Every structure is written in C-alpha cells, then in structure tokens.
Amino acid sequence: MDWNALIRPHVGPMVPYAPGLRASEVRTKSGKDVIHKLSSNENPYGPFDSALEGMRAVLPFLNRYPDGAERALKRRLAEKLGVSSSQIVVGNGSNELLTLIAQAVLGPDDEVVFPWPSFIVYPMCTALMCATGVKVPLTSEQVHDLPAMLEAITDKTKLVFLCNPNNPTGTIYGRQAFEKFLAEVPPHVLVVIDEAYFEYVTSPEYPNGLDYFDGNKPIVVLRTFSKIYSLAGARVGYGIAPVQLVQALDKVREPFNVSSVAQVGAYYSLADDAEVVRRRQENQEQKAYLYSCFDRLGISYVPSETNFVYMLTKRPVEVFEALLAEGIIVRDFGTSPALRVGIGTPEDTDATVSAIEAAVAKLGAL
Ligand SMILES: Cc1ncc(COP(=O)(O)O)c(C=O)c1O
C-alpha cells in the first residue's frame, strides 16, 4: 500500500497534538505517590455539584442520541449572554469549534493571522485546510502585537485568531488596543476571539469580546466549560457568532457532536455563579502565593490573567525534569526558555514551591 498516495499531501507534514504527561505515567516514573498535574490548565476541583447531579441523572438514557440541536443548553446560554439561541454554536470542546470554523471558511489560497506563541490548534486547523498560517510574534511583554497583526492582514486573509487571555503566556491585550484593532481590521476578515480563560480574568482593562458582538460584524467569541467549570473530560465549548456563520458550522459539524452528558453538565454548571466566583478567587490566591515564591527565589515570570503562569527560565529542560522527579507535571515547549505552570490547590502550590526550591538548590539560578 502506498500510504503517501492515499493520504492528502498536506496531512503528511502535520504534527499531532502532543498531550501533557498523564499522572499515572509520572507516578510510575518518579516513584512519587502524589502527582500534581499542572500541565493542561485544568481546574483542580471536580465539576460543580449541580453539574454532577445532572450528569448522573442522564446516564440511564445514554441508549438515546443527544439533542443534536443542543436546544436547552443554547436557550440557557442565550438567556445568560443576552443573545439569541440562533447565534450560539456548541462544540465538542471549543477546540472543535476552531476546527469547524476553519473547515467552513478556509481554502488553499487563504491566509490566517494569529499571535505566536499561542494555542497550537490555530496552526493545526490552518494546515488541515491547506491554508497559510501567518504567525505574528508577541511583543517583548508577551502580549498580542495587534498593530503588527493588522499589518500582516492581506487581501488573502480570511481569519484572524485572537487568544485573550493568551495561552501559554497568560497575558491580555487591553480594551483600547483592541478597539483600535477592530476599527481598522478589513471587513473581509473573520475575527475569532478565543476566550477559553474568560472566567479567570480580573483586570478592568480586559475587553469582553461579547461587548463587541452585534450579530452583523464578522466576530466570533469562543468560550469553554473545560476550564473554570471543570468539564474538560466531558468536552463542551460554545461560540457566539452571526447567524449565517452558525448555519455554516451546522452544515460541517457532526449531527451529534456534543454528548448528552456534556450538554447536561454544561447546562447545570451555568446555575452556579457563586462557585465561579469562589474558584476565581481561590485561583487568584494561589497565583499570588506562587508569584511571591518566584519573587523570593529570583525567578522571572509573566503576570497572568489565567489559571497558569508562564515561568521564564534559561534551563527549561533541566527544570522540567527536576520538577517531574518531584511529581510535578508542568508544560514545556522544547527549548523555548519558559515553562507553563498551572495553578492548582493549595497542596499543589506548596508542592510546586518545594520542588522549585529543591531545583534552585541543585541547579543554581534557574
Ligand atoms: C486558548 C485555548 N483555546 C481553546 C482550548 C480548547 O479547550 P476545549 O476544547 O477543552 O474547550 C484551550 C485548551 O487548553 C485553550 O487553551
């Protein structure tokens, strides 16, 4: 069999998404009983009680397909967000929505502008559609360079991905810079604002993408239940988009793309705003404590609006291995001089701080 002849030529050079190490692998490797998985920006606590109850109740009915139109969840989201149900699209994680948008919009001659470093799925879904990705480096403060992104837009640009806050740096662009960008972005470009970490943000400078959505402008806002709502394993995210785009995405998506368990979990999660506030507050406390330890140990980092911190180090490989030996899983980026450290429980933070202290004692300045 000539597999190269069978598989579409542009798929050959694509690289599969590399998931972070699993706790079970690290338990075996490190010999530590307690593993602190801080590599995938998950919430350390389980799904909300209301969501768990709802999801349990649906289990006996899994012989039936889910509601392919996700009516109840869309109605609930629409009510909460002040948009129409017809302007909402639900996906198997917001990751699926990124890919569906690429499938609906992109062709081989098109260009896609996105910041870099940022979420790996932007170049992946661009490559999938044989389009050309245009990576625009972040500024020296690790923030989107919106003027440079504007400059990178050409007649061929179909899509711009914005990641606010940005993964992996945790930074946001502010309202003023964003409004200037929106005023100048050409009307043939669809702007996708990925707000996966929206619920963690506390900065008053943050431009909530939804405030700029009017149902006509080519703007999509993507959010997820994977982060503060702790439903990463259920896979459910949503987008707010002009009706015409929602209709196009409905044509390319699978008929039953979101499981009934995920739909119910998301629906009931939306009933507990107090828990969102509590988790955001706890995240802030743990993050502040981690910052204070970084400061004490002379470690540079980028202040974050998310549940992870971009720790700067000239020795990422050695530090990654030193933390792993202590049962702490963080995210590395090969030889890029940084590691992404997730915010977890107080126990996770204590263990991370002890492991970093041990790394400094062993390796010297990190
Ligand atoms: C910026 C960003 N967007 C989207 C996603 C995808 O999230 P999910 O598919 O779990 O909704 C992630 C996940 O880490 C992310 O960091």
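In each ligand, atom 1 is the first atom listed, and ligand 1 is the first ligand listed. Only a predicted model underlies this, so the values are computations on that prediction, with no experimental measurement involved.
- Legend: ring pair (Phe, Tyr, Trp, His ring centres under 6.0 Å) pairs involving residues 148-171, not counting sequence neighbours, sorted by first then second residue: Tyr122-Phe161.
- Relative orientation of the Phe178 and Tyr212 rings is perpendicular, given thresholds of 30° and 60° on the angle between their planes.
- The closest protein non-hydrogen atom to atom 14 (O) of ligand 1 is Lys227 NZ, 2.9 Å.
- Checking Asn167 against Tyr310 by side-chain atom types alone, no donor-acceptor pair falls below 3.5 Å.
- Atom 12 (C) of ligand 1 has Phe119 CZ, 3.4 Å as its closest protein atom, hydrogens excluded (heavy atom only).
- Within ligand 1, the atoms closer than 4.0 Å to a non-hydrogen atom of Cys163 are 1 (C), numbered from 1 in the order shown.
- No part of Phe225 comes within 4.0 Å of ligand 1, judged by heavy-atom distances.
- With sequence neighbours excluded, the residues forming a side chain to side chain contact (heavy atoms under 4.5 Å, CB included) with Gln284 are Thr202, Lys287, listed by chain and number.
- Taking any N or O of Ser40, backbone or side chain, none lies under 3.5 Å from an N or O belonging to ligand 1.
- Here's the thing with Asn92: none of its N/O atoms is less than 3.5 angstrom from an N/O atom of ligand 1.
- Scanning the protein heavy atoms around atom 11 (O) of ligand 1, the nearest turns out to be Thr224 OG1, 2.5 Å.
- Under 4.0 angstrom from ligand 1, the non-hydrogen atoms of Ala196 all belong to its side chain.
- When only non-hydrogen protein atoms are considered, atom 9 (O) of ligand 1 lies nearest to Arg235 NH2, 2.8 Å.
- Of the candidates Val105, Val134, Leu106, Val192, Val112 forms a side-chain contact (heavy atoms from CB on, under 4.5 Å) with just one, namely Leu106.
- Among all non-hydrogen protein atoms, the one lying nearest atom 10 (O) of ligand 1 is Ser226 OG, 2.6 Å.
- Residue contact check: Asn167 has heavy atoms under 4.0 Å from atoms 1 (C), 15 (C), 16 (O) of ligand 1.
- Here Glu199 does not pair with Arg280 in a salt bridge; the nearest charged N to carboxylate O distance is not below 4.0 Å.
- Remark: ligand 1 and Asp194 share an N or O pair separated by less than 3.5 Å (distance only, no angle test).
- Interface of Gly93 with ligand 1, defined as ligand atoms under 4.0 Å from a residue heavy atom, comprises 8 (P), 9 (O), 11 (O).
- Ligand 1 does not have Ala232 within reach: every non-hydrogen atom of the residue lies 4.0 Å or more from it.
- Comment: Lys29 does not engage Glu25 in a salt bridge, judged by the lack of any side-chain N to carboxylate O separation of less than 4.0 angstrom.
- A salt bridge is defined here as a Lys NZ or Arg NE, NH1 or NH2 lying under 4.0 Å from an Asp or Glu carboxylate O, and Glu79 with Arg76 meets this definition.
- Ionic pairing of Arg278 and Asp272 is not present here: no N-O contact between side-chain nitrogen and carboxylate oxygen is shorter than 4.0 angstrom.
- Ionic pairing of Glu205 and Arg175 is not present here: no N-O contact between side-chain nitrogen and carboxylate oxygen is shorter than 4.0 angstrom.
- For atom 7 (O) of ligand 1, the nearest protein heavy atom (residue, atom name, distance) is Ser94 OG, 3.4 Å.
- Between Asn41 and ligand 1, no N or O atom pair is found at a separation short of 3.5 Å.
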